[in-house]
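Have a look at the structure below, then the notes.
In the text below, chain A, chain B and the rest are named by the order of the sequence lines, each starting its count at 1. All values derive from a computational prediction rather than experimental measurement.
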Amino acid sequence: MGMLGQAIADGVLTGAVISLGAIGISFTMQIMRFANFAHAELLTWGGYLALVVVGFIGAGLPTAGLSFGLGLLAAAVLAAALTGALAWGVDRLVFQRLRRSGAHHLTLVFASFGIGLVMRHVIVLFWGHGSRFYTSELQIAVEVLPGVRVLPDQVFILAITIAIVVALHLWLRHSRTGIAMRATAESPALAQASGIEVERVIRATWFIGGGLAALSGIFVGLTPQLNPEIGGSLLLALFAAAIRGGIGSLPGAVVGGLLVGLAENVMVLVVSPGYKQSMSFGLLLLVLLLRPQGLFGERREGDR
Amino acid sequence: MIAPLLVVDRLVAGYVRGLPIVHGVSITVAPREVVTVIGPNGAGKSTLLKAIVGLVEVESGRITLSGRDITGQPTHEVVQAGVGFVPQTGNVFTTLTVAENLRAGAHLLHGQGKALLGERMERAYAMFPVLGEKRHERARTLSGGQRQMLAMARAMMTEPALVVLDEPTAGLSPLLVDEVFTRVRGLAAQGVAVLMVEQNAKGALRRSDRAYVLAEGRNRIEGAAESLLDNPEVSAAFLGGHRKALS
């Protein structure tokens, strides 16, 4: 029981981090109609940008059992904004030009592969292949349930993730830009006819997706470490989460992320860890066979 | 004669540059006027409307609204200039609620205060009570007629000077067709000019002030809507009169 409980706790924590990264992929795919394989590198960039800020201001005094303090929080906010700007900058430099020239969406997909490689190697160029840490503080796992131990940092990450997802959900429901974003996701032409400037919606999409990717990367870097591979190694999990949940759906990306995290962590109890990813993708195929639009996806009318 | 609101002058436009569908069409719409464009399939009616609102590329010619050049402007700027557009298909956001559809339509009211937004929403519900009843339901649950009402209400949120409707009665039952045309006249009574493309030529001509007949992307016939109803050439081709093709 303890083992299963621990696997579920680990799965939820991994899943929360994957969810944050998957939201951007899901929204980009819905609004710009292409799979952005460079998105995973935004996680890495976010993690390293926070590392740069921490290098200047420090991670802050450890508080409330966490391994960090206000310094890292400030770094995370700054890194999220910078990563959003980076995502938008890449769009201006590459994707926007391709969109305007009427490129096929597969062209954008392949371009994103190339951009992803460049982004990863720039990280390696500056910081090398080695692992990095935000703090050298040691943390003691707390037994929250019999046999289930979690780090205070992990609890913090989960709480922040829940708060962000709830805030984003409310924003998409009620704010002017949130409604414009959902309108554009369904029909760019009708959105334009409503006076919505699609390029502005696209910019908002990059800032949100990039910002959340940065937080996801920072959380991976906190538990336990940062290296240039963190984004790349999560790439398939991020796509699995976005697709399983249903493209363009916020609850979909969150539930998709949790399912990926849980599947990976619970499966290792019964099958060899070598099959971890294949089990997760087996589950993805099963979902898609039963519900091709994903768990929360909506079939669009008049989508031609 | 009153200065026209919309002037389309020798417009050439199409989906692929060099292969225009509209070959030099000229039309005008005066303030508060209801103008209908009819013509056989492939005459370029829909393309003309999309070119006016900037959803199709203009190759040559000029479009002005109250004297201001809007040729080739991005759609959101044409809307900002005072044009509301209701496309034929996909005319509502099905994944959004009725209220959210109206808020999307009010996107450009930003910065003019929450009170104005609320006022416009209430006005839409007063004009179309069924929308008020269903304000929290997703637009996908609406019937075809209700969707058309929502689409018109959405286009009216910014109080445009001109509303452009692409086949507003397509796929509706005869009773609803009549209701839509009554609504169109209602818009004109509120001071809005209407430019619409219609397949239901007879019904549209009865409720319009003036009309244009397009064929093969060119102006063919134009005049007061009533006179077109009596025109033998028009009646033969569109109004179910004698079976004689518009040669």
Side-chain angles (χ1 to χ4, degrees), chain A residues 26-27 29-31 33 96 99-102 104 169-205 245-253 293-304, chain B residues 15-17 49-50 52-57 73-97 99-111 114 117 136 138-140 142 147 150-151 153-158 160 163-166:
Chain A
S26 179
F27 284 15
M29 221 188 280
Q30 173 82 7
I31 288 179
R33 307 283 157 100
Q96 189 191 65
R99 269 201 304 281
R100 296 216 168 135
S101 68
H104 192 270
H169 174 79
L170 292 174
W171 183 81
L172 283 171
R173 282 285 127 207
H174 301 294
S175 78
R176 172 178 177 263
T177 309
I179 290 173
M181 201 173 226
R182 287 162 55 217
T184 308
E186 182 180 328
S187 165
L190 191 59
Q192 284 173 283
S194 304
I196 294 165
E197 192 179 344
V198 169
E199 282 298 328
R200 291 178 75 131
V201 169
I202 287 176
R203 186 171 65 199
T205 307
I247 297 305
S249 160
L250 174 63
Q293 70 271 42
L295 293 173
F296 291 81
E298 310 210 27
R299 289 171 187 280
R300 281 178 292 207
E301 290 182 44
D303 192 10
R304 51 183 89 181
Chain B
Y15 293 91
V16 181
R17 187 161 265 279
L49 297 193
K50 286 183 188 161
I52 292 170
V53 298
L55 285 170
V56 158
E57 199 184 344
Q73 292 288 305
T75 304
H76 63 95
E77 280 177 26
V78 175
V79 175
Q80 177 101 63
V83 178
F85 177 56
V86 178
Q88 187 196 340
T89 54
N91 57 5
V92 296
F93 298 106
T94 57
T95 56
L96 269 54
T97 66
E100 287 168 347
N101 266 273
L102 295 178
R103 280 198 63 190
H107 190 78
L108 290 170
L109 295 184
H110 186 55
K114 280 246 182 251
L117 176 65
H136 298 305
R138 293 217 183 186
R140 76 165 70 232
L142 300 183
R147 287 184 187 202
L150 176 57
R154 194 214 79 238
M156 287 298 294
M157 290 300 283
T158 47
V163 172
V164 176
L165 306 168
D166 194 352

Which answer fits B/Q80, side chain, backbone, both or neither, if we ask what part of it has an atom under 4.5 Å from a heavy atom of chain A?
-> neither
Could you have a look at B/A106, B/G84, B/G105, B/A155 and say which one has the most heavy-atom pairs with chain A under 4.5 angstrom?
-> B/G105
With rounding to the nearest 0.5 Å, note down the distance linking CG in B/L55 to CD in A/Q192.
-> 5.5 Å
Which pair of non-hydrogen atoms, one from B/F85 and one from A/A193, has the smallest distance, and what is that distance?
-> CD2-CB, 3.8 Å
Assess whether atom CZ of A/R200 is packed by more than 12 heavy atoms of other residues, nucleotides or ligands within 6.0 Å.
-> no
Is the closest side-chain heavy-atom distance between B/T95 and A/R182 below 4.5 Å?
-> no
Separation between OG1 (B/T97) and CD1 (A/I179), nearest 0.5 Å, reads 7.5 Å
Rounding to 0.5 Å, atoms OG1 (B/T89) and CG (A/L190) come to a distance of 9.5 Å
Could you check B/H76, B/R154, B/R103 and say which one makes a side chain to side chain donor-acceptor pair (under 3.5 Å) with A/S194?
-> B/R154
Heavy-atom distances under 4.5 Å only: say whether B/N91 touches chain A with side chain, backbone, both or neither.
-> backbone
Contact origin within B/V92 toward chain A - heavy atom pairs under 4.5 Å = backbone
Can you tell me how far NE2 of B/H107 sits from CZ of A/R176, rounded to the nearest 0.5 angstrom?
-> 3.5 Å
